[in-house]
Asker: 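Handing you this structure, nothing more for now.
Computed from a predicted structure; not experimentally measured.
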Amino acid sequence: MPNSSAFIISFLSVTCAAFVAAPLNPAYTSEEFKFYLQDSETNTVIISDDYDSEDSAIVTACKE
């Protein structure tokens, strides 16, 4: 998510629910996202609508 009020609300909601938030740089490549997702054993990803496309690196990494 870009820096915005929606990001702040999501970040605080995740941390208040006693989960760990790990904001990642949207400029990462698919391989970098894949590494971080596997290394942290992530099971949930929150993305904004503008990153929800077939050619997005995060979407590609989540599918692998």
Side-chain angles (χ1 to χ4, degrees):
M1 299 180 103
N3 291 336
S4 64
S5 58
F7 169 78
I8 294 168
I9 291 167
S10 297
F11 182 84
L12 293 175
S13 298
V14 168
T15 56
C16 285
F19 294 109
V20 176
L24 298 176
N25 184 346
Y28 284 160
T29 65
S30 181
E31 288 300 315
E32 289 171 313
F33 278 123
K34 186 177 175 181
F35 168 78
Y36 284 110
L37 296 174
Q38 289 175 346
D39 188 55
S40 63
E41 297 179 4
T42 299
N43 60 12
T44 303
V45 176
I46 300 172
I47 58 174
S48 60
D49 290 339
D50 55 341
Y51 291 106
D52 191 16
S53 65
E54 292 300 317
D55 59 342
S56 171
I58 185 64
V59 173
T60 302
C62 288
K63 289 182 178 181
E64 295 179 358

Asker: For V14 and I46: C-alpha separation, side-chain torsions, deciding distance, then whether side chain to side chain contact (heavy atoms under 4.5 Å, CB included) applies.
Answerer: CA-CA 10 Å; V14 168; I46 300 172; 4.0 Å; yes

Asker: Grouping I, L, V, M, F, W and Y whenever their side-chain heavy atoms are under 4.5 Å apart, do I9 and L12 come out in a common cluster?
Answerer: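 No; tracing contacts between hydrophobic side chains, which count when under 4.5 Å, never links both residues.
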
Asker: Identify the two heavy atoms, one from T44 and one from T42, that lie closest to each other, and give their separation to 0.1 Å.
Answerer: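 In this case the closest contact between T44 and T42 is O-CG2, 3.1 Å.
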
Asker: Is the ring pair Y28/Y36 parallel, tilted or perpendicular, if the boundaries are 30 and 60 degrees?
Answerer: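 Parallel: the ring planes of Y28 and Y36 meet at under 30°.
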
